[in-house]
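Below is one structure, written out as C-alpha cells, with a few remarks after it.
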Protein chains: 2
Amino acid sequence: MVTIVDVARHAGVAPSTVSYVLTGKRPVSAETRMRVGESIRLLGYQPHAGARALAGSRTNVLALVLPLREGVHLPVVMRFASSVVTTAREHDMDVLLVTADEGAAGLRRVAGTARVDGFLVMDVELDDERVPVLRELGRPAVLLGHPAVANGLTCVDLDFEAAGARCVDHLVELGHRTIGFLGAPGAVYARNTGFARRTLAGFSAAAMRRGVASTALPAERHRDAVRAVVGTLLRELARMTALVVHNEAVLGLVVECLRAEGRRVPEDVAVVAICPDELAEQLRLTSVRLPADVLGRRAVELLMAKLGGQHPPALTLLPPKLFSRTG
Amino acid sequence: MVTIVDVARHAGVAPSTVSYVLTGKRPVSAETRMRVGESIRLLGYQPHAGARALAGSRTNVLALVLPLREGVHLPVVMRFASSVVTTAREHDMDVLLVTADEGAAGLRRVAGTARVDGFLVMDVELDDERVPVLRELGRPAVLLGHPAVANGLTCVDLDFEAAGARCVDHLVELGHRTIGFLGAPGAVYARNTGFARRTLAGFSAAAMRRGVASTALPAERHRDAVRAVVGTLLRELARMTALVVHNEAVLGLVVECLRAEGRRVPEDVAVVAICPDELAEQLRLTSVRLPADVLGRRAVELLMAKLGGQHPPALTLLPPKLFSRTG
DNA sequence: ATGAAAGCGCTAACAT
DNA sequence: ATGTTAGCGCTTTCAT
C-alpha cells in the first residue's frame with residue numbers, strides 16, 4: 001500500500017507537506033505543490049480514510065436516513081437519494097445509507113462510532129423520536145419532509161403553503177371562479193401534520209384573496225369514500241369547475257369518480273394535483289411537483305454549510321413549480 | 001469521548017482484553033468478559049470506526065453500487081437496497097451508497113481509500129467496464145442482475161431460464177396448447193443480453209418438451225410496434241390462448257392491444273408476465289416475480305461468506321416463483 | 001487467561 | 001514555506 005510517507009519520500013518533502021497539499025490547510029509553494037502532486041499521481045496514492053478519520057476527526061461521510069419501506073412513494077425517495085449522492089460527491093463526501101427502521105439507535109450508532117460527520121434525515125415527523133436524539137448527538141443535521149420545530153436543527157421542504165396558493169392562482173388565471181379542494185384523510189389534519197395543514201392554509205387564503213368560492217374536504221383512501229367526497233363536492237359546490245387534489249393515494253380514483261359522474265376532465269372540471277411528477281405525468285394532470293432532486297441538492301448544501309461552521313437558516317422552503325398539462 | 005483505555009481502566013483489565021471481548025478473537029474468562037461488558041454498557045463505549053479500520057484493516061462497510069438514474073425500475077432498486085441494508089446490519093455491516101454514474105472510478109476510490117471491505121454491484125452488463133476493475137481491485141464482490149462471466153467473481157440472479165419454463169408449465173397445466181411469447185426489443189437479443197436470451201431459451205425448451213405450439217417475437221416500445229406484434233401473433237398463432245410477456249415496458253400496452261383486438265384477458269388470452277411484482281399486481285396479471293428482496297439478502301450473504309474467506313459458487317440462480325392472479 | 005507495547009497512516013501543533 | 005513529531009484509538013503480536 002502506498003502511504004503518505006512514500007509520497008513524501010518520492011517528492012523529497014515532509015509527510016506533513018503532502019498532507020497540506022492535499023487539504024490546502026496551509027499554503028504550499030507552487031513548485032512543491034506541483035512536485036507532490038506529480039508523486040501522488042505517479043505512485044497512485046490514495047489517503048487511507050480510516051487513518052484520516054482517526055487523526056483528523058472528519059470522515060467525509062454523511063449519513064442518509066431513508067424510509068425504505070413500502071408506503072412512501074419509492075420513486076421520490078430514489079430521486080432524492082440520487083440527488084443527494086451526486087451533490088455529496090461534488091463536495092468530496094461519501095454517503096452511508098441508514099434505514100429509518102433502525103430509528104434513533106441507528107443515529108446513535110453511526111455517530112457514536114464516528115462513521116459520519118452529519119445527517120440527512122428524510123420523512124421526519126412532528127414528534128419524531130429522532131429529533132431529540134439528533135439534538136443530543138450534536139452533529140450537523142438537515143431534516144427533510146415535514147420540518148420539525150427548529151432548534152439548532154435545519155429543515156428543508158417544499159413551500160406547501162405557496163403550493164396551495166399557486167394552484168388557486170393558476171386556476172383563477174384560467175378563469176375558474178369556483179374551486180374545490182380535496183385533501184388528505186381527516187386524521188392527517190387532526191394530527192396537525194405540518195405539510196397538509198400548510199397546503200390547505202395556502203389554498204384557503206388564496207381563494208379568499210382571489211374572491212373565489214371554495215370548499216375543502218378530506219378524503220379517505222377507499223374507493224367508496226372518494227366517490228362520496230367527490231359527490232359531496234359536486235353537490236355543495238354546484239358551479240365547481242376546478243379541483244385541487246392534495247392526496248396522491250386517491251388521485252387516480254378522483255379522476256375516475258369525476259368521469260363516472262359525467263364530468264369530463266379537464267373540460268368540465270380542471271384538476272390540479274400536488275404530487276410527484278411521474279404520477280401527474282401518468283394521469284396527464286396539471287400539477288405542482290414535489291421537487292425531490294432540488295430538495296436533495298439543497299439539503300446536502302445546507303449540511304455542508306453547517307459542517308463548515310456556518311449557520312444556515314433554520315427553515316428553507318422551496319418555491320413550488322406548477323406544470324401545466326392541458327392536452 | 002470514551003475510548004477503549006477508559007473501559008479497560010474501569011474494568012481493571014488491559015485494553016487488549018477489552019478488544020478481545022469485543023471481537024471474540026481470543027478466549028476471555030467468563031468473569032472478566034462480564035466485567036468488561038458491564039463497563040462498556042456503563043460508560044456507553046462505542047469503538048471508533050476509523051481507528052478500527054486503521055489497526056484492523058477491516059471497515060465493516062460494504063459498497064452498494066446502484067443505478068440511480070431513470071430507466072431502471074426504481075421500486076425494484078429500492079426493494080433491493082432495502083433488503084441489502086437490512087441484511088448487512090444483521091452482519092454488523094454498514095452500507096455505503098455509490099452510484100453507477102461514477103463508474104469504475106467510484107470503485108477505485110472507495111477501495112483505494114479503504115472505505116469498504118467489499119462490493120455489491122447491481123445491474124452489471126456483459127461487457128461492463130467495472131468487471132475487470134473489480135477483479136483488479138481484488139476485493140470481494142458480488143454482482144447482480146445480468147451475471148458477467150464469472151472468474152473469481154460471484155454472481156446472483158433470478159434463474160430466467162427456469163422462469164421462462166415455469167410460465168409454460170403453468171399455462172400447460174391450465175390446459176393451454178398454443179402459447180405465444182412476446183419479448184424485449186430485438187436489439188436486446190442481438191446484443192446477446194444474458195437474461196433475455198435465457199428466458200427465451202427456457203420458454204422454447206419447455207414448449208418443445210410439453211409439445212405445445214409456440215411462436216416468439218420481440219417487441220419495440222412504441223404503441224404501433226406493439227399493436228403490430230400482437231396482430232402478428234394472433235394471425236400466425238391462430239389458436240393462441242396464452243401469451244408470455246417478458247417486456248415490462250410494454251406490458252400494459254400488450255393487454256390493451258389484445259382487448260382492442262376483441263380478446264378478453266384472461267378469458268380468451270391468458271397473459272403471464274415476467275416482471276416486478278407491483279406492475280403485475282397493478283395490471284392484475286399472473287406473473288413470475290423479480291424477487292428483489294431475496295436477491296438482496298442472498299447477495300449480502302454471499303459477500304459475507306467471501307469476506308470470511310469462503311468460496312461460494314460463482315453463480316447463484318434463484319428459483320422463479322409464479323403468482324397466479326386469475327380473478 | 002491476561003498484559004505490555006508496537007504499530008496502522010494520517011493530521012496538526014510546534015518548530016524553524 | 002517547510003520539517004519534526006506527538007498523538008488519534010484500536011488491533012495484534014509477543015510475553016508472561
List the atom of [X], the atom of [Y], and the distance in Å for their closest heavy-atom pair.
X	Y	answer
B:Ala141	B:Leu303	N-CD1, 3.8 Å
B:Phe119	B:Ala111	CZ-CB, 3.9 Å
B:Asp117	B:Pro140	O-CD, 3.5 Å

For DNA chain C, which residues in residues 33-57 of chain B have a heavy atom at a distance below 4.0 Å?
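When residues 33-57 of chain B is checked for heavy atoms under 4.0 Å from DNA chain C, the hits, listed by number, are B:Leu54, B:Ala55.
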So [Y] and [X], do their side chains get closer than 4.5 Å, heavy atoms only?
X	Y	answer
B:Ser83	B:Leu295	no
B:Leu66	A:Val85	no
B:Val2	B:His10	no

Charged N to carboxylate O below 4.0 Å: is that the case for A:Asp94 and B:Arg109?
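Counted as a salt bridge, because a side-chain N and a carboxylate O are separated by less than 4.0 Å.
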Please determine whether a side-chain nitrogen of the Lys or Arg among B:Glu38 and B:Arg41 lies less than 4.0 Å from a carboxylate oxygen of the Asp or Glu.
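Salt bridge present between B:Glu38 and B:Arg41.
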Tell me whether the OP1 or OP2 atom of D:dT12 has a side-chain N or O from B:Lys25 closer than 4.0 Å.
yes
side-chain N/O B:Ser19 vs D:dT11 OP1/OP2, d < 4.0 Å:
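Yes, within the criterion.
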Might you confirm whether atom CZ of B:Arg139 has over 12 heavy atoms from other residues, nucleotides or ligands at distances under 6.0 Å?
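Enclosed.
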Using whole Å, report how far [atom1] of [X] lies from [atom2] of [N].
X	N	atom1	atom2	value
B:Ile4	C:dA4	CD1	C1'	14 Å
B:Asp6	D:dG9	CG	P	9 Å
B:Leu22	D:dC10	CG	P	9 Å
A:Arg9	C:dG9	CZ	P	12 Å

Please determine, for the side chain of A:Ser29, which listed nucleotide (C:dT11, D:dT11, D:dA1) has the closest atom?
D:dA1
Table of protein N/O atoms under 3.5 Å from nucleotides 13-16 of chain C N/O atoms:
none

Under 4.0 Å, heavy atoms only, any strand: does B:Thr17 hit a base, just the sugar-phosphate, or nothing?
sugar-phosphate
